[in-house]
Number of protein chains: 2
Amino acid sequence: MESRCENCIIRQFNSLRAMSKDELKKVSDSKTSKTIKKGEPIFEEGDKLNGVYCVRDGVSKLSKLSANGKDQIVKLATKGEVLGQRSVISEESTNLSAVAIDDMEVCFIPKESINNTLQKNPNFTLEVLRHMAHDLKEADDVIVNISQKTVKQRMAEAFLYLKNNFGEDEDGFLALTLTREDISNVVGTATESAIRIISEFKKKGLIHASGKKIGIKDERKLLEMAEGF
Amino acid sequence: MESRCENCIIRQFNSLRAMSKDELKKVSDSKTSKTIKKGEPIFEEGDKLNGVYCVRDGVSKLSKLSANGKDQIVKLATKGEVLGQRSVISEESTNLSAVAIDDMEVCFIPKESINNTLQKNPNFTLEVLRHMAHDLKEADDVIVNISQKTVKQRMAEAFLYLKNNFGEDEDGFLALTLTREDISNVVGTATESAIRIISEFKKKGLIHASGKKIGIKDERKLLEMAEGF
DNA sequence: TTAAAAATATGATAATTATCAGTAAAATAC
DNA sequence: GTATTTTACTGATAATTATCATATTTTTAA
């Protein structure tokens, strides 16, 4: 038996919280739950999406393939985020791929439920709008960072971002473990360059690592590095 | 005597077209027209905006200052675009500065008019949402371009962008004339690098220039260059 | 109109970053 | 548990891009 949206806590973190009980009931009736294994795609660049995906558990990377075959990760989406919204709203195929970094649990909500509510419930639309405004602001920041900061600065920033957004485990490692390649795709650099900088950060005592797991050792210095000192 | 929004053609190009006659009337009553001279700011990063600016004429650069003192131009906004929307919607201070590149004419619309309509007219909200979805998609593209393409490729792309979005004058020059510094801030590179690449493009016959004015000579090759051939 | 300031241009050089090559370690499949 | 594949790492080198210096041209202001 599947759980109902009405009782889902995740909803509190996204725009679905602005839905009425009745609307939520309809969404819940039309939704389907899916399990996505680590490494598997939820959708791919160019797909026409028939709905949105509400992330219940796990983390997904949203990325775009460039001409030279490298992926640029534009966002890491976790619990509570709704994927595919933009595509459904503008009725275009997605410009991003979503791939599971962890094992994930997502709910697929058909676009009809969303569009219906968008047209009838201004509160919901406004809530979606607020979220998108936030995403756009973040995107602007990413643009400025990528174009104005060095790879080293962006690497430092990435680790801080990972700590602030996904936390640490009991051993003090970043809770979200990314491959070196994924890190390089977040930062927008060559994998070897990312690895080199990780080595350097380790030597300088800014971070420590055990296999793939990376922990932040000197947050203050890392922050200074990100700011350019 | 000022012109009325109801009769303004510009409106057809932005989300204001989804407003009812009545709403439009209220907007028109509350709006004020402003003339902004070339080089003057409309608003600056960190400002709390009390409304949005609808561009009637001229072009504005939306930019963000980085720690090292360089401006990154995130968007060039022209006739029909509404500036400051994101800030008003999320009720935060803006993350961008808007400076006039041309002499401009803009209408200032107090946020109350906008917020009112956002809460009452789902069509308007949806229209704003669609625009923002579009902007977000564009921002993603910019991120991927900046991080995956070389400066040369991005320069080529910038000229094509300028042609496609602002057209050419009767002499075949790009209608929007930017300083070399502005070009470098759009592309995200050092001014000297931008100048050097302009010289190179001239030598290769991709563009021609007369003072600040730049014209596209071989669009096909420029496109190939942007794609990485 | 002339002086001053700003923008454009170019060379020399340094710094950053990517690429290629190859080894070591880890994860996965059998 | 071993073989195979993938991922991580390091060095050498090349390519890209930024920075500094300086000259020239253009624009602006007095």
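Residue numbering restarts at 1 for every chain, and letters A, B, ... go by the order of the sequence lines.
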Can you measure [X] atom [atom1] to [N] atom [atom2] for me and round it to whole angstrom units?
X	N	atom1	atom2	value
Asn185(B)	dT17(D)	CG	P	16 Å
Ile198(B)	dT8(C)	CD1	C1'	9 Å
Glu181(A)	dT5(D)	CD	C1'	14 Å
Ile146(B)	dT17(D)	CD1	P	12 Å
Ile183(B)	dA7(C)	CD1	P	13 Å
Met155(A)	dT17(C)	CE	C1'	13 Å
Arg196(B)	dA15(D)	CZ	C1'	15 Å
Gln148(B)	dT17(C)	CD	C1'	13 Å

| query | Is the Tyr161(A) ring parallel, tilted or perpendicular to the Phe166(A) ring (thresholds 30°, 60°)? | reply |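 The arrangement is perpendicular - the two ring planes meet at more than 60°.
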| Stepwise side chain to side chain contact (heavy atoms under 4.5 Å, CB included) check, Ile36(A) with Val106(A) | CA-CA 8 Å; Ile36(A) 291 139; Val106(A) 302; 3.4 Å; yes
| What pair of heavy atoms forms the shortest contact from Val99(B) to Gly39(B), and how long is it? |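 The answer is CG1-O, 3.5 Å.
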| field | Which residue lies more 5' along DNA chain C, comparing Ser147(B) with Glu192(B) via nearest heavy atoms | value |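 Upstream on the strand: Glu192(B).
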| message | Let me spell it out: for each of Thr191(B) and Arg154(A), pick the nucleotide of DNA chain C with the closest heavy atom. Which residue's pick is nearer the 5' end? | response |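 The residue closer to the strand's 5' end, by nearest nucleotide, is Thr191(B).
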| Selection from dC9(D), dA12(C), dT17(C) that lies nearest to any side-chain heavy atom of Ser199(A) |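 Within the option list, the nearest is dC9(D).
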Under 4.0 Å between a side-chain N/O of [X] and OP1 or OP2 of [N], yes or no?
X	N	answer
Lys212(A)	dT7(D)	no
Thr150(A)	dA15(C)	no
Ser193(B)	dA18(D)	yes
Arg180(B)	dA9(C)	yes
Lys202(B)	dA9(C)	yes
Lys152(B)	dT16(D)	no
Thr189(A)	dA18(C)	yes

| message | For the CG atom of Leu162(B) and the CG atom of Leu76(B), what is their distance to the nearest 0.5 Å? | response |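 If I round to the nearest 0.5 Å, the distance is 6.5 Å.
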| Spacing of CD1 belonging to Ile73(B) relative to CG belonging to Leu96(B), to within rounding of 0.5 Å |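 Going from CD1 on Ile73(B) over to CG on Leu96(B), the span is 11.0 Å.
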| query | Starting at the 5' end of DNA chain D, which residue's closest nucleotide do you reach first, Lys38(B) or Ile197(B)? | reply |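 Nearest nucleotide further toward 5': that of Ile197(B).
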| said: What's Lys149(B) touching, base or sugar-phosphate or nothing? Going by heavy atoms closer than 4.0 Å. | reply: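 No contact at all - Lys149(B) keeps every heavy atom at 4.0 Å or more from the nucleic acid.
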